[in-house]
Enquirer: 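The structure follows.
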There are 2 protein chains.
Amino acid sequence: MADEPISEKKRPATLGDVARLAGVSASTVSRALSRPDLVNEATRERITWAVSRLGYIPHGAARALAGRGHRAVGVVIPSLRFGVFAELVETIQARLDEAGFGILLGHTGGDPEREYEQARALVERGVDALVLIGNAQQPRLLRLITDVGVPVVTAFDYDESSALPCVGVDNEAAGRCLAEHLLDQGYDEIAIITQPTLSNDRSGKRVDGVASALRQIGRAVRPEFLIECDGLAPSARDAMGALLGGEKRPRAVVCFSDLMAIAATAECRAQGIAVPGEIAIAGFSGIGLSDMVDPPLTSVRIPAVEIGDLIAERLLAHLMDRAAVGSALVAHELLLRESTGALREL
Amino acid sequence: MADEPISEKKRPATLGDVARLAGVSASTVSRALSRPDLVNEATRERITWAVSRLGYIPHGAARALAGRGHRAVGVVIPSLRFGVFAELVETIQARLDEAGFGILLGHTGGDPEREYEQARALVERGVDALVLIGNAQQPRLLRLITDVGVPVVTAFDYDESSALPCVGVDNEAAGRCLAEHLLDQGYDEIAIITQPTLSNDRSGKRVDGVASALRQIGRAVRPEFLIECDGLAPSARDAMGALLGGEKRPRAVVCFSDLMAIAATAECRAQGIAVPGEIAIAGFSGIGLSDMVDPPLTSVRIPAVEIGDLIAERLLAHLMDRAAVGSALVAHELLLRESTGALREL
DNA sequence: GATATTATTGCAAGCGCTTGCAGTTTGAAG
DNA sequence: CTTCAAACTGCAAGCGCTTGCAATAATATC
C-alpha cells in the first residue's frame, strides 16, 4: 500500500531524487553510499530510507565516469566449452564479485586475431584489468596493453620470461612428466593429439616436454604421431582414427585435454583395441569426469580453481592497493589411473 | 620512428585530443565515429588518421552516460561448470559481440538469493538487458525487473504462463518422453537423480514429466527413488550408490544431466552391475561426450546453442529496433543410445 | 542572379555521480 | 564567553562523449 511510486512511470531514480526525498544534497547521498563513516547517522538513515523508498540503483557508468573506475575486469579465453576455462572464469568471477567487481567475457576460438579484438573491445568497454590465457600474445596486443596501461595477468602458463605477469603451471614439465610416466610403463612410441600449437603456447610447450622426455632415451616424436585437431571430441576421435590407421601404430597417446582423451578412447573401443594393454591413453586437465569413465583416465591435473584464485587475488591487490602484480607458478599433478596401466605383452 | 606519442605518458587520448589533432570539433569526431555518413569524407579521413595516430579508444562509460546505452547484457547462470550454461553463454556472447554488445556474467550456484543479488549487481552495472535461467524467479527479482524496466529473456524452460519471455524446451514433455522410452524398453521402476528441484524449475518439471508417464500406466515415482544431489559427479555417484544400496533397486535411473549419468554409470560399473541389462541409465543435455563413453548414453538433448541464438536474436531485435520480445519453444531431442538398451531377462 | 535546399560542422547543454574546498554547526578547551 | 578543531554538509566543477539546434557553405531550382 505504501508502495506506489511517486514518479509517473519509467525514469529510474537518480541520486538527486534520493537527495530531494531525504532533504539533503546529492553529495551527501553519494557519500552516504560510498563512505558511510563520513555521514551523520541520522542523515544516513534518512538516506537509506529514501533509497529503498525509491528503489534507487546507482548508475554504474556515471560512477565510472566520475572517477571511481569501472569495477570490472575482462577475461579473454579461447572457449567456455573447455572445462578449465569455464572453471577459471567462474572462480575469478566469484572472487571478484565479493569485492564488487564484475567480469566481462571475450571468446577467441583460439584465434590470435580475435584475441586482440576481444581484448580491445573489453578495454574500450572500460575494464580495469585484463586476464588473458597463455603467454603468446601478439606484439600488437602487448602494445595495446602498455599504451592503455591496463594491468594484465595471464593464466595457465608459467613462464619466467613472460612480458606479462602470469599464473600457471610449467607446461613443459607437465608434458615431460606425463611422457616419463608412459615410458616407465613401457610404452615407448608416444603419439600426441593436440589443439593447434601455433595459437596455443601451452600445447606447444607440452609437446616440447614430451619430446624432451623422449630425447632422454634417444628417441623423438615421429612427425606422423603429432596430430592437431580443433580440440573437440569428434575431431579428436578422428585424429585417433588416423593414428590407428597409419603405417605404424603408437603404443601410447597423450591428448592435451581429457575430452580429447575420452574421445580417443572411444575410437579405440570401437576398433576393439584394448586401453590400456594395447594402447595407453592419457589426458590433460583432470576434469571431474576423468575418473568416472572406463577406463579411468590418467591425466595431468591443471588446477584451474587455484589459478583463478591466485589471479583474482593479485588483481584485487593491484586494483585496491595498487600493489605490483607478480607471477606465480602453481603445481600440476599427475593423476595416475588405469588408462595408462601396464602394457600387455604382445 | 613516427610513433612517439605527443603526450608525455599516461593519460589516454580523449575525443578532444583527436579533435584538436584533426583540427575539427569534438562533435565532428564523435559523429565521424558513430555515424560516418554524416561527415565529409576528407574530414573523416583526417579524423581516422588522428585516431590511429593517438591510439584513441573511446571511453565506454562516457558513451553510456551520454545516452548511447551500455551495450552490454547481463547473463545470470547457476554455474559455468555445467556444459549447457557454458554453451549458452558462449553462444550469446558470440552473437552479441557481432553487434558490439558485451556480456557480463553472474553465477548463482543455484541459490535464488544470489540470483537476485547478481541480477541486481548487473543492472547496477548498467546492462541493457538480462538473461536468466528458468522461469522460477523470486517475486523480488520480478519486481526489480519491472521497476528498472530492463528487458529480460529466460533460457532453457519454455512456459506459456511465464511472466517473462522465455526460450527453451518443454521440460515436462522432455521428462515424459524419456520415461516413456524407458517404459517401452521394459524398465518399469524408474528412479531419478536430480539437482535440487526447489531452486530449479527445469528439474521440477522433468520430474513431473516422468511422474506423468508413470501415472499413465498406473504407477508413480517412489519417494525413495527421487534423489537430489548438487549436480556434480561425486555427489551424483553417491546418489547412485544410495539407490543401489536401498531395499529395492530401481530398474532404470534418469539423471538430469549427462555428467550425473556418467557418474552414476561409474558407480554401477564399480559394483559390477550391467548397464544396460540390469539397470538402464539415461542423461539429459546431450553434451558432446555422451556418445563417447561406455556405454554410449541415452540422453535428451537440450539445444543450448539454438537457445542462445534465439535469445541473442531477440535481445538484439529489441535493443536495436525496440521490437517486442516473445517466447519461443525449441524442440528437445531424444538421443537413443545403448545405455538404455534392452533389458536383460533375469 | 535570387532563393530554397542540402550537406557539414560547431555550440552548448547535459548524462548521473564523485570530490576538493569551503561554510556551518557543535562541543571542547582556554 | 571567545577560540579552534572536529564533524557534517553543500557547492560547483568536472569525467568524456552524444546530440538537438543553429550557423555556414555549397549546390540546386526558377
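To find a chain, count down the sequence lines: A is the first, B the second, and so on, and within it residues start at 1.
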Enquirer: Using heavy atoms and a sub-4.0 Å distance, could you list which residues of residues 24-35 of chain B are near DNA chain C? By number, please.
Expert: B:V24, B:S25, B:S27, B:T28, B:R31
Enquirer: Is a salt bridge present between A:E115 and A:R120, judged by a nitrogen-to-oxygen distance below 4.0 Å?
Expert: no
Enquirer: Measure from the side-chain N and O atoms of A:T91 to the backbone N and O of A:E87, and report whether any donor-acceptor pair falls under 3.5 Å.
Expert: yes
Enquirer: Hey, which of these two, B:V39 or B:A64, hits DNA chain C nearer its 5' end, going by closest nucleotide?
Expert: B:V39
Enquirer: Compute whether any side-chain donor of one residue and acceptor of the other, for B:S25 and B:T28, lie under 3.5 angstrom apart.
Expert: yes
Enquirer: Give the rounded distance in Å between these two atoms: CG of A:D37 and C1' of D:dA7.
Expert: 12 Å
Enquirer: Can you list, pair by pair, the side-chain donor-acceptor contacts under 3.5 Å of residues 73-80 of chain B, counting residues two or more places apart and other chains?
Expert:
| residue | atom | partner | partner atom | Å |
| --- | --- | --- | --- | --- |
| B:S79 | OG | A:E90 | OE1 | 2.8 |
| B:S79 | OG | A:E90 | OE2 | 3.0 |
| B:S79 | OG | B:R81 | N | 2.9 |

Enquirer: With the criterion being N/O to N/O and under 3.5 Å, what pairs connect the protein with nucleotides 22-25 of chain D, and how long is each?
Expert:
none

Enquirer: Does the side chain of A:Q118 pick up a donor-acceptor pair with the side chain of A:E113 at under 3.5 Å?
Expert: no
Enquirer: Quick one: which of A:D111, A:L142, A:L141 gives a side-chain contact (heavy atoms from CB on, under 4.5 Å) with A:Y116?
Expert: A:L141
Enquirer: Between the two ends of the helix from C:dG1-D:dC30 to C:dG30-D:dC1, what is the bend in degrees, rounded to 10 degrees, where each end axis spans five pairs?
Expert: 40°
Enquirer: Can you classify the ring geometry of A:F85 versus A:F156 as parallel (below 30°), tilted (30 to 60°) or perpendicular (above 60°)?
Expert: perpendicular
Enquirer: Output a table of donor-acceptor pairs, distance under 3.5 Å, between side-chain atoms of residues 160-167 of chain A and any protein atom two or more places apart or on a different chain; print 'none' if there are none.
Expert:
| residue | atom | partner | partner atom | Å |
| --- | --- | --- | --- | --- |
| A:S161 | OG | A:D159 | OD1 | 2.9 |
| A:S162 | OG | A:N135 | OD1 | 3.1 |
| A:S162 | OG | A:L164 | N | 3.0 |
| A:S162 | OG | A:L164 | O | 2.7 |

Enquirer: Could you give the start and end, 5' to 3', of the contact zone on DNA chain C for chain B, using atoms under 4.0 Å from its heavy atoms?
Expert: C:dT8 to C:dG16
Enquirer: Checking A:N200 side chain against A:R202 main chain: does a donor-acceptor pair fall under 3.5 Å?
Expert: yes
Enquirer: Keeping the roles fixed (side chain from B:T43, backbone from B:V39), state whether a donor-acceptor pair exists under 3.5 Å.
Expert: no
Enquirer: Is the closest basic N to carboxylate O distance between A:R71 and A:D128 below 4.0 Å?
Expert: no
Enquirer: Going by an N to O cut-off under 4.0 Å, is there a salt bridge joining B:E117 and B:R140?
Expert: no
Enquirer: Taking the six-membered ring where the residue is Trp, are the ring centres of B:H59 and A:H70 under 6.0 Å apart?
Expert: yes
